Structure formats: structure tokens, C-alpha cells
Amino acid sequence: MERFNFQAIEKKWQSTFEKQKLYNNKSSKKFYCLEMFPYPSGKIHMGHVRNYTIGDVIARFKFMNGYNVLHPMGWDAFGLPAENAARENKLHPKKWTEKNISEMKRQLKLMGLSIDWDLEVSTCDEKYYKHQQEIFIDFYNKGLVKRKENYVNWDPVEQTVLANEQVVNGKGWRSGAVVERKKLSQWFFDITKFSDDLLKGLDKLNNWPEKVKTMQKNWIGKSIGCEIKFDIISEKKKINVFTTRPDTIFGASFLAVSVDHPICNEFIKDEKYNKFKDECLKVGTTEEALANAEKIGFDTKLLAVHPFIKGKKLPVYVANFILMDYGTGAIFGCPAHDQRDLDFAKKYNLEVTEVVSDNPSILKDFSSLTEAYSGDGTIINSDFLNGLKVDEAKIKIIKEIEKRKIGQKKITFRLKDWGISRQRYWGCPIPMIHLEDGSIVPVEKNELPIKLPEDIDLSQNGNPLENHKKWKNTFHKKTGKPATRETDTLDTFVDSSWYFLRFCSPNTTKEPFNIQKANYWMPVDQYIGGIEHAILHLLYSRFFMRALKKNNNKINDNEPFKGLFTQGMVCHETYKDQNGKWLTPSEVEKSSEGKYKKISDKSEVRVGASESMSKSKKNVVDPENMIKSYGADAVRWFILSDSPPEKDIQWSNQGVNAAYKFLQKIYNLCCVVNERSEEKNTLNKEFDLKMNSYVNKITKSINDFNLNVVVANVYEIYNLFNNHLNKEVSNKSLKANLINLMKILIPFTPHIAYECLEMLEAKDNNSWPKVNTKLVLKEKINMAIQVNGKTRDVIEIEKGVSQNSVIKLCKNNDKIKNKIDDKSVKRIIFVKDRIINFIINQ
RNA sequence: GCCCUCGUGGUGAAAUUGGUAGACACAAAGGACUUAAAAUCCUUGCCCUUUUGGGAGUGCCAGUUCGAGUCUGGCCGAGGGCACCA
């Protein structure tokens with residue numbers, strides 16, 4: 001028995017993997033396998049290991065099945081941490097990033113991935129961002145870039161603008177500083193132009209998780225309704241209201257507007273109003289706070305005229321639950337059929353009129369009810385709408401509103417334009433210049449790239465580009481007039497919105513990507529990454545494809561990712577010492593009694609819940625250490641076993657150790673079979689049949705991403721071999737099947753698999769074992785024999801055995817025959833290859 | 001508050017989509033080998049019975065069915081998402 005020396009073997013095969021390309025020159029079928037590229041933070045973590053292992057399984061599997069596989073890797077290399085690190089360590093962001101990239105690349109290579117490193121791209125490389133600037137100018141020329149003055153979330157620590165989605169509980173998602181509101185001129189991509197198309201496109205993405213599609217649908221938030229203009233009594237003003245329930249107009253009892261609504265301008269000096277406004281702000285903007293907040297309002301004393309009920313006047317309130325940036329910033333309140341309106345009406349003693357009923361003969365009494373009725377039903381108390389269903393009433397009332405010219409049908413989206421300006425140094429410069437006359441124009445394309453200056457001063461606050469006068473001051477090439485550069489850089493989500501296209505032709509210098517190559521490789525067949533990018537990154541990339549296609553109609557696709565898989569997180573138990581300080585797993589050991597102790601002083605350790613690995617809780621394990629101790633194959637094998645890839649997984653040393661032991665056993669099995677010489681052959685057929693069945697199952701499981709089931713099946717195959725080693729199976733059959741097992745292992749544990757295949761002198765190692773469909777038909781199956789639905793025995797029979805033959809078998813079966821004499825059997829249920837159930841009188 | 005997802009042994013989980021519940025693995029207990037330990041291998045794992053057997057059992061309650069982890073209704077619990085979206 002030889003010891004499997006993983007260190008030597010992994011080193012040996014990794015040099016092969018580096019040269020290996022997953023392109024089958026025979027094949028015209030393509031497969032683009034992509035994992036979300038990492039931010040070069042310094043070292044890889046277990047989340048990367050899981051992500052890239054899953055991707056590697058798919059890439060190698062598809063290659064072995066005859067596809068041309070594109071499997072690239074790159075770096076999402078711009079971003080704030082580089083600037084923070086630069087300030088802390090006095091290391092230039094570029095140097096810091098380059099150092100991290102080379103370190104992480106070295107670590108990734110230790111994993112034995114089938115990455116084609118010739119395709120590597122880095123977003124902070126001017127060869128990459130040059131083309132991004134080109135794309136920006138193209139979008140600008142197509143009218144997809146806007147400049148808007150807008151309130152922004154200003155992070156006082158980072159001195160930068162945050163996207164809405166980067167504000168968590170009113171604080172910056174990275175800095176944690178309380179975010180301020182500030183008005184700035186910003187660049188925007190006109191993503192809302194594509195709202196409807198982005199929504200419709202989701203329906204065609206059959207290989208996306210439903211969860212992600214639902215999140216995007218909610219984010220885009222299409223609602224169909226109408227606008228209605230209300231006249232204000234004794235003033236010339238009108239209030240324009242948006243509603244999705246125009247059918248409830250006869251139940252309206254008040255109007256409510258946002259505190260930011262223009263009509264509020266006349267109250268700016270009103271003490272009561274300002275008090276109310278402060279009250280609204282105090283509640284905060286977080287959703288949770290608002291949900292628990294009481295509905296409050298400010299009575300403007302204005303009265304609006306009900307457009308359909310003669311003489312009816314509606315009080316106008318300013319209410320804390322109305323937002324200016326959705327719809328028109330004003331609503332009409334129909335308390336009977338909207339919960340918030342009902343809460344509000346009860347507080348201010350407003351009228352509640354029921355206008356939709358699920359049972360018109362029994363009217364609801366909303367003076368005692370606390371729940372609004374928002375379901376379907378028949379319209380009542382509503383003049384010409386009476387008797388209609390909700391949907392019919394909506395159509396009729398909108399027609400009437402349009403006829404009277406007091407409003408019109410309107411579709412609203414919640415999706416907002418994508419603000420792309422960042423007041424930061426370490427990002428892609430926006431290729432625009434400001435002329436003295438105030439106009440802003442793009443630079444000439446032949447001036448690109450607009451490079452980031454390297455001599456910058458990071459010790460000052462604010463944007464280093466703003467402070468760099470030499471870089472900032474320039475000339476307009478056409479007119480020779482002095483100009484200043486735009487000092488905003490692009491949001492890093494822009495960088496990651498087209499990198500998958502660049503991978504198709506990473507070295508082309510003429511254009512962002514070669515269209516023929518992009519049309520061949522795109523869309524990405526399988527994209528794999530974390531659920532945290534469910535909305536932004538994926539939505540922005542979908543927008544980019546559409547915008548690029550608008551710019552160049554030779555592009556075939558408008559969806560970048562045909563298949564999406566979101567893997568779960570890697571978790572670990574948490575440890576605290578006696579003083580409540582977090583401990584890393586490497587500081588803790590398990591004693592022989594099963595108790596956890598601190599290694600340094602043997603004091604007791606409190607074990608906490610398993611949570612996703614984070615630096616703050618110290619429950620992290622270093623992938624490189626693990627690879628050093630157990631080998632890359634064992635780490636890969638363990639991270640794929642036990643839990644389904646989409647669920648969280650718990651990292652444990654016991655688990656990875658078990659994986660390590662199993663690979664050792666696999667290696668020993670190969671040694672044993674390789675040295676065995678005797679020829680026996682009575683059981684070959686049965687053995688071949690079983691192996692064939694496993695190959696069939698595993699092939700299906702990989703296609704369905706049930707990788708943990710594959711691992712379980714491989715354990716079963718190992719047990720099968722172990723059981724047959726001493727039986728009469730010829731070594732020829734054992735060896736042939738063992739070669740197939742090793743081929744199955746290539747995507748999972750490539751080093752040991754190739755090593756064993758070499759030992760077994762296997763040929764054609766790049767093809768996946770073929771399933772013999774004729775043998776699948778001959779497989780034996782276990783059939784349950786039930787009496788009154790209870791399983792009484794299980795028999796092994798061949799596939800396709802008829803009902804009569806099975807009944808015969810049952811009548812001869814010792815456990816069954818005395819239970820099923822002809823008189824008592826009432827009915828027989830027979831499902832071929834599954835089950836037979838005898839229903840008997842009791 | 002709204003939306004989505006999920007509840008199976010001590011643990012991670014399987015279950016051919018309505019057909020043998022708990023595959024496979026981790027942990028545990030017992031045993032074999034060993035002077036010993038490690039490594040390795042075997043056995044066990046709810047209740048009743050000495051065994052053969054029999055019974056209960058997939059969060060809870062009901063229903064559909066010859067048959068329910070899977071379908072339906074109601075309840076309870078956990079996790080995730082959210083921009084009070086009119």
C-alpha cells in the first residue's frame with residue numbers, strides 16, 4: 001500500500017493544467033462557463049473556493065462532454081478598499097492592487113482550476129478601461145447618459161456618493177457613517193428606458209433561480225394605474241394623484257401628499273408644518289422604522305373637489321407615508337380598501353366608505369373593522385361603476401377620466417436611473433471635459449484612454465483627481481480652448497457590466513470586444529456567483545447588453561447570462577473565550593472528552609452558532625492552510641459534499657479530514673486493482689450494469705447541480721468496488737470500471753484523478769464515460785410489495801416485468817403468500833418498475 | 001407591515017417528482033487488530049418482542065388517494081428580501 005503524496009502530485013499536475021485549454025477542436029458546440037470575478041482584496045477566502053470549485057466542475061464536465069469551453073478569470077480591480085489601504089499603508093492603490101492580484105492568482109492556481117489564464121483581464125488596466133470609456137461615449141451619443149442635479153447620499157467619511165442600495169439603515173454600507181443628503185450634479189445611465197424590457201426579459205430566463213427573478217421583478221416594480229387631477233377649492237392649483245386603484249375613486253375621503261410635494265412650499269414658514277416635517281425625518285428612511293411608525297399627517301386646510309361626486313370635498317393632508325420620488329408624490333385615500341389609508345383615516349376621523357365587496361348583501365362595518373379589504377369583488381356605492389368587477393371598473397373609470405380630460409392611464413416603475421458618478425480616485429475616469437462656456441463634451445475617441453494620474457496625494461480629504469490640477473486642466477482638442485476634465489470616476493458596477501464580453505477577445509485593441517467572437521461565445525451559458533448580486537450587478541449587466549445592442553445591432557443577444565446559479569455561503573462555528581473575545585478556529589482545539597479548549601492556556605471555550613465566515617467574528621479558515629494540510633483535491637471534495645451547492649455549508653476540520661481519508665482510499669483502490677492479476681469473470685455483467693447505472697445517475701445529477709448527490713454516489717461506487725474485490729469479477733472489468741470512476745472524478749478532484757488514470761494506463765482521458773442505454777434498460781430494480789399500502793417485502797427484479805409475473809412471484813414469496821389468498825384480494829395496484837399493492841379485506 | 005423560501009434522526013442531508021422514508025457522510029457507543037496509541041475494519045442506533053416479527057414516525061391539525069416527506073386547506077416555527085410604491 002502506497003501513501004498518496006498529494007503535495008508532489010498536485011504540483012505535477014498543476015503545471016499541466018496551466019497549459020491546458022478546454023477547447024475541443026472537433027467541436028462546434030460552445031459552452032461559456034463563468035464565475036463572478038473576485039475583488040482583489042489580498043487573499044482568497046472559502047467563499048471563492050466554493051464558487052470556483054463549482055465552476056470548475058461544470059467547465060471540466062462540459063469539456064469532457066465534447067464542448068468548446070470558455071473558462072476565464074479576471075479581477076474586479078477598481079474600488080474603494082484600495083484607496084483605504086493606500087492611506088493606511090502608504091502604498092499606491094495600483095501597487096496594492098497589483099500585489100493582491102499576483103498573490104490571489106498564485107493561490108487560485110493551487111486549487112487546480114481549469115482557468116485559461118491567457119484570457120485574464122483586470123478592470124484597472126488601462127487596456128480594459130480605455131474601452132469602457134469608449135462605451136461611455138457611445139452611450140452618451142445614443143442618449144443613454146444623462147446629467148441630473150439630484151439629492152445624493154453623501155458619505156462624510158468616504159467623501160463620496162453612495163447608491164441607495166449602498167445605504168444600509170441610513171449608514172454607508174462600508175464606512176458605517178451616517179449618510180447625509182446633499183445636492184450634486186451627477187452622471188446617470190438611463191436604465192429606466194429599458195424598464196419594461198428588463199422586466200419582460202426575465203420570463204425567458206428559464207435557467208435562473210425563481211428567487212432572483214422575483215427580486216428583480218420587485219425591484220423594477222411595474223404598476224399600472226392612472227393619474228387624476230384634483231382641483232383645489234379657491235386656489236388655482238391642482239393636485240395630480242397617481243393610483244393603481246382608480247376603481248375605488250368613489251370611496252375616496254382625503255388626499256395625501258409627500259412632505260417634499262411642491263404644494264408644501266407655502267407652509268415653509270409654518271411652525272406646525274416644520275415640526276411635522278422634523279417628525280417625519282426623525283422616523284428615518286429605513287423600511288423597518290417606517291413599518292413600525294405611526295401614520296401621521298398635517299392638515300393643510302385645503303380642500304379638493306371630488307371629480308365624480310358633486311359637492312363632495314376632500315381634505316388635503318401631508319402624510320409621512322407618501323414618498324415624492326414615486327408616482328406623483330400624491331394619492332387619494334380610500335380607507336376601506338387600503339390598510340395605510342384606513343389607519344390614517346381612523347386616526348383623523350375621516351370617512352370610510354365601502355366600494356368593493358366580496359358579498360354585497362352583507363356590508364362591512366369599518367368603524368369596527370381594523371383590516372382594509374383589498375381583494376376582488378363587486379363595486380358598490382359607486383354610481384356608474386356599480387355591479388362591475390374590479391378589473392372591469394378599472395377600465396371603465398380610466399376611460400371616463402380620459403374622456404373628461406382630468407387624467408390618463410399611466411404605467412409607473414419603481415426602478416430609478418443608475419447614478420454612476422463617484423468622487424473617488426481608484427476608478428475609471430469619465431471621458432468628458434467641461435468647457436469654459438459651461439458646456440460638457442466627450443473627449444475625442446483617439447485621445448483614449450484618459451489615464452488615471454499616478455502621482456496623487458491621498459493624504460488630503462476628498463477626491464484626489466479634483467486636487468490634481470495638472471491632470472484636471474486640459475484643452476478641447478477641436479477648438480484648442482482650455483477645459484477641465486471630469487473628475488468623477490465610474491461606479492465599479494460599470495466595470496463588471498461588460499467584462500464577460502471582454503473575455504471573448506481580451507487582447508483586441510481596436511474595440512471593446514470582437515463582435516464575431518462575442519456572438520460565438522455569448523451568452524454566458526452558466527454564470528455562478530453569490531446571491532448578494534441578485535439585483536444590482538445582474539440587472540446592470542442586463543441593461544448593458546441592451547444598451548450595447550442599441551449602439552450596434554450586429555450584437556445577437558440582449559441577455560448576458562443564459563443560466564445562473566447562486567451558491568450558498570461557507571459557515572463555521574464561532575468561538576469565544578472566557579472574557580467573551582472571539583477566537584479563530586486555529587486558536588481552539590477539541591479535547592479527548594469532546595470539550596473545546598483554548599490552545600494557549602487550556603481554558604474552556606464557548607461554542608456559538610455556525611455563521612457565515614467573517615473577519616469580525618474570526619470564524620474564518622484560510623484556504624491555503626487547508627490546501628497545505630489536506631491537499632486541494634480534499635478541500636474541493638469536501639466543499640462539494642454534504643450540502644447542496646445552493647445552500648449554506650458548514651466548514652469543519654472533521655469533514656475535510658474525512659474527504660482526505662476517502663481520497664487516500666481511492667488511491668489505494670487503484671493501486672490494488674492495478675496490481676491484481678487473477679482472472680475470474682462470472683460476475684462481470686452485474687458489476688458492469690451497476691457501474692453503468694451510476695454513470696447515468698451522476699451525469700444527470702451534474703446537469704441538475706446536485707453535486708452533493710454525486711459525492712454520495714461516488715462513495716457508493718467505492719463501496720461497490722470494495723465489496724467486489726474479493727468476488728469473482730475479472731480484473732479487466734474492475735479496471736475498465738475503475739477508469740470510468742476516475743474520469744468521473746476529474747471535474748471534482750482533478751489531480752488525483754489524472755494521477756490514477758496515468759497509473760492505470762488509461763487512454764482518452766478527456767472524454768466523459770459513455771452511458772450504455774441498452775444496459776440501462778437491463779438494470780435491475782427493487783420493487784416494493786405492499787399489502788394495504790404497507791411494504792411487506794422488497795424483491796429485486798429486472799426492468800419491465802409484467803404484472804402477472806410479479807403476482808406469480810408474490811404468490812411464491814414466503815412473506816407474502818399467506819396474506820394474499822384469492823378470496824381476500826379485492827384489488828391489485830401495479831405500477832411497472834415501482835410497486836405492487838394488494839388491497840385485501842381485513 | 002408586505003413579498004419569497006424552507007421545516008425529514010445527535011448533525012449535514014438523500015428520496016427516481018404521488019410509490020421501500022432516512023441513501024451517503026459526520027459525530028457517538030460497542031467490538032476486532034495492537035504491549036499501547038494512531039491508522040484501519042466490523043457492529044449498533046425510535047418503541048414492543050430473546051429472535052422471527054409487529055407498531056409509531058418527515059413541525060402541528062385536518063383533507064384527497066389503494067398509497068402523502070411530496071398534493072389541498074388551516075395553524076405554528078425558522079430564514080431571506082424590501083424602496084410604507086399608492
Side-chain angles (χ1 to χ4, degrees), chain A residues 1 164-165 167 209-215 217-219 221-223 225 241-246 248 256 258 283 285-293 295 319-323 325-334 337-341 343-344 412-416 531-532 534-535 594 610 638 641-644 646-650 652-659 661-662 664-665 668 697 700 706 708-719 722 781-795 815 826-831 833-840:
Chain A
M1 187 164 106
N164 280 335
E165 49 275 10
V167 179
E210 283 305 318
K211 188 183 174 179
V212 174
K213 286 194 274 186
T214 306
M215 282 163 83
K217 256 177 213 163
N218 292 339
W219 193 262
K222 181 179 183 172
S223 47
V241 148
F242 175 70
T243 180
T244 54
R245 292 297 303 271
T248 63
S258 156
V283 174
T285 51
T286 75
E287 186 267 331
E288 206 180 337
L290 285 165
N292 297 326
K295 313 283 174 284
N320 64 342
F321 60 95
I322 308 299
L323 301 175
D325 53 4
Y326 185 80
T328 58
I331 61 149
F332 73 76
C334 176
H337 306 291
D338 183 286
Q339 192 58 45
R340 291 155 309 169
D341 295 351
D343 293 344
F344 193 80
T412 315
F413 294 91
R414 345 195 282 181
L415 184 66
K416 295 172 190 168
I531 188 78
E532 67 272 19
I535 298 171
S610 187
F638 171 60
S641 55
D642 288 348
S643 293
E646 70 275 13
K647 283 180 73 174
D648 289 354
I649 194 169
Q650 303 210 28
S652 77
N653 279 3
Q654 279 148 347
V656 69
N657 192 42
K661 284 197 241 171
F662 176 70
Q664 181 69 52
K665 288 200 264 182
N668 289 338
K697 267 202 254 184
K700 279 186 188 144
N706 295 324
N708 56 321
V709 181
V710 175
V711 171
N713 283 332
V714 168
Y715 277 113
E716 284 181 31
I717 296 174
Y718 172 80
N719 293 340
N722 228 15
I781 48 110
N782 291 324
M783 179 173 280
I785 304 173
Q786 299 186 335
V787 178
N788 284 346
K790 282 195 176 139
T791 305
R792 296 301 172 184
D793 199 14
V794 178
I795 52 170
K815 290 177 189 166
K826 267 203 307 196
R827 194 180 156 193
I828 295 170
I829 288 130
F830 177 76
V831 184
D833 297 343
R834 296 270 163 86
I835 202 162
I836 185 160
N837 188 4
F838 295 93
I839 311 303
I840 58 166

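Letters A, B, ... mirror the listed sequences (proteins, then strands); counts begin at 1. Remember, predicted model here, so these are calculated numbers, not experimental data.
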Mate of rA37(B) where both pairing distances stay under 3.5 Å, Watson-Crick or G-U:
none
How far does CD1 of I649(A) sit from OG of S641(A), to the nearest 0.5 angstrom?
6.0 Å
From E210(A) CD over to K217(A) NZ, what is the distance, rounded to the nearest 0.5 angstrom?
7.0 Å
Rounded to whole Å, CG of N653(A) lies from C1' of rC26(B) at a distance of 13 Å
Using OP1 and OP2 only, check whether a side-chain N or O of T791(A) sits under 4.0 Å from rA21(B).
yes
Do the side-chain N or O atoms of S223(A) get closer than 4.0 angstrom to the phosphate oxygens (OP1, OP2) of rA86(B)?
yes
Quick check on rC85(B): is either OP1 or OP2 less than 4.0 Å from any side-chain nitrogen or oxygen of R340(A)?
yes
F242(A) and Y326(A) aromatic ring geometry - parallel, tilted or perpendicular at 30°/60° bounds
perpendicular
Given the C1' atoms of rA56(B) and rU49(B), what is the spacing between them in whole Å?
15 Å
Find out whether T244(A) and S223(A) are in side-chain contact, i.e. whether some heavy atom of one side chain is under 4.5 Å from a heavy atom of the other.
yes
4.5 Å side-chain heavy-atom contact, F332(A) and T248(A):
yes
Once you apply a heavy-atom cut-off of 4.0 Å, does Y715(A) come out as touching a base, just sugar-phosphate, or nothing?
sugar-phosphate
Taking rA14(B) as the reference, what is the distance to rC24(B) when you measure between their C1' atoms (whole Å, please)?
8 Å
Anti or syn - rG12(B), cut at 90° from 0
anti
Would you classify rU17(B) as syn or anti? Syn applies when the glycosidic angle is within 90° of 0.
syn
5' priority, RNA chain B, between N837(A) and S652(A) [closest heavy atom]
S652(A)
The nucleotide from rU16(B), rA83(B), rC84(B) with an atom nearest the side chain of N320(A) is rC84(B)
Name the closest nucleotide to the A712(A) side chain, picking from rA13(B), rA23(B), rC84(B).
rA23(B)
Show your reasoning for whether side chain to side chain contact (heavy atoms under 4.5 Å, CB included) applies to Q786(A) and I835(A).
CA-CA 8 Å; Q786(A) 299 186 335; I835(A) 202 162; 3.2 Å; yes
Each nucleotide of nucleotides 38-45 of chain B classed B (base within 4.0 Å of a protein heavy atom), S (only sugar-phosphate) or -, in 5' to 3' order, makes --SS----
When you compare rA15(B) with rC71(B), how far apart are their P atoms, in angstrom units rounded to a whole number?
14 Å
Applying a 3.5 Å limit to both distances, which nucleotide forms a Watson-Crick or G-U wobble pair with rG7(B)?
rC76(B)
Rounding to the closest angstrom, what is the interatomic distance between rU16(B) and rA78(B) at atom C1'?
30 Å
Separation of rC84(B) atom C1' from F321(A) atom CZ, nearest Å, is 8 Å
OP1 or OP2 of rU65(B) less than 4.0 angstrom from a side-chain nitrogen or oxygen of R827(A), does that happen here?
no
Would one find a side-chain N or O of R245(A) under 4.0 angstrom from OP1 or OP2 of rA86(B)?
no
5′-ward residue of the pair K647(A)/I322(A) relative to RNA chain B:
K647(A)
Mind checking if I839(A) touches a base, just sugar-phosphate, or nothing, with heavy atoms under 4.0 Å?
sugar-phosphate
Have a look at S641(A) and say if it touches a base, only the backbone sugar-phosphate, or nothing, with a 4.0 Å heavy-atom cut-off.
nothing
For rU34(B) and rC26(B), measure between their P atoms and round to the nearest Å.
25 Å
Atom pair distance, as rounded to whole Å: NZ in K217(A) and P in rC85(B):
19 Å
Kindly indicate, with the supporting measurements, whether the criterion side chain to side chain contact (heavy atoms under 4.5 Å, CB included) is fulfilled by I836(A) and V831(A).
CA-CA 6 Å; I836(A) 185 160; V831(A) 184; over 6 Å; no
S643(A) vs rA13(B): side-chain N/O to OP1/OP2 distance below 4.0 Å
yes
Side chain of L323(A) (C-beta onward), nearest among rG12(B), rC85(B), rG81(B):
rC85(B)
With a 4.5 Å heavy-atom cut-off, do I795(A) and N782(A) have their side chains touching?
no
Grab the CD1-P distance between I835(A) and rU16(B) for me, whole Å please.
14 Å
Could you tell me whether the phosphate oxygens of rG54(B), OP1 or OP2, come under 4.0 Å of any side-chain nitrogen or oxygen in R792(A)?
yes
In whole Å, what separates the C1' atom of rA83(B) from that of rG63(B)?
41 Å
Could you go through the side chain to side chain contact (heavy atoms under 4.5 Å, CB included) check for I785(A) and T791(A) one step at a time?
CA-CA 6 Å; I785(A) 304 173; T791(A) 305; over 6 Å; no
Under a 4.5 Å cut-off applied to non-hydrogen side-chain atoms, are L415(A) and K222(A) in contact?
no
Among the nucleotides rC3(B), rG19(B), rA27(B), which one has an atom lying closest to any side-chain atom of Q654(A)?
rA27(B)
From rA14(B), rG19(B), rA86(B), nucleotide with atom closest to I331(A) side chain:
rA86(B)
Would you mind reading off the distance between R834(A) atom CZ and rU65(B) atom P, rounded to a whole angstrom?
22 Å
At 4.0 Å (heavy atoms only), tell me whether N719(A) reaches a base, stays on the sugar-phosphate, or touches nothing.
sugar-phosphate
When rounded to the nearest Å, what value does the distance between P atoms of rG79(B) and rG69(B) take?
27 Å
For rA14(B), does either OP1 or OP2 sit under 4.0 Å from a side-chain N or O belonging to N708(A)?
yes
Rounded to the nearest Å, what distance is computed from the CG atom of residue N218(A) to the C1' atom of nucleotide rA83(B)?
11 Å
Specify the separation, in whole Å, of atom NZ of K295(A) and atom C1' of rG1(B).
7 Å
For Q786(A), which contact category applies under a 4.0 Å heavy-atom criterion: base, sugar-phosphate, or nothing?
base
Nearest to the side chain of K790(A), heavy atoms from C-beta on, is which of rA14(B), rC26(B), rA56(B)?
rA56(B)
Whole-Å C1' distance, rG22(B) and rG45(B)
12 Å
Nearest-angstrom distance from the residue atom CG of N706(A) to C1' of rA23(B):
14 Å
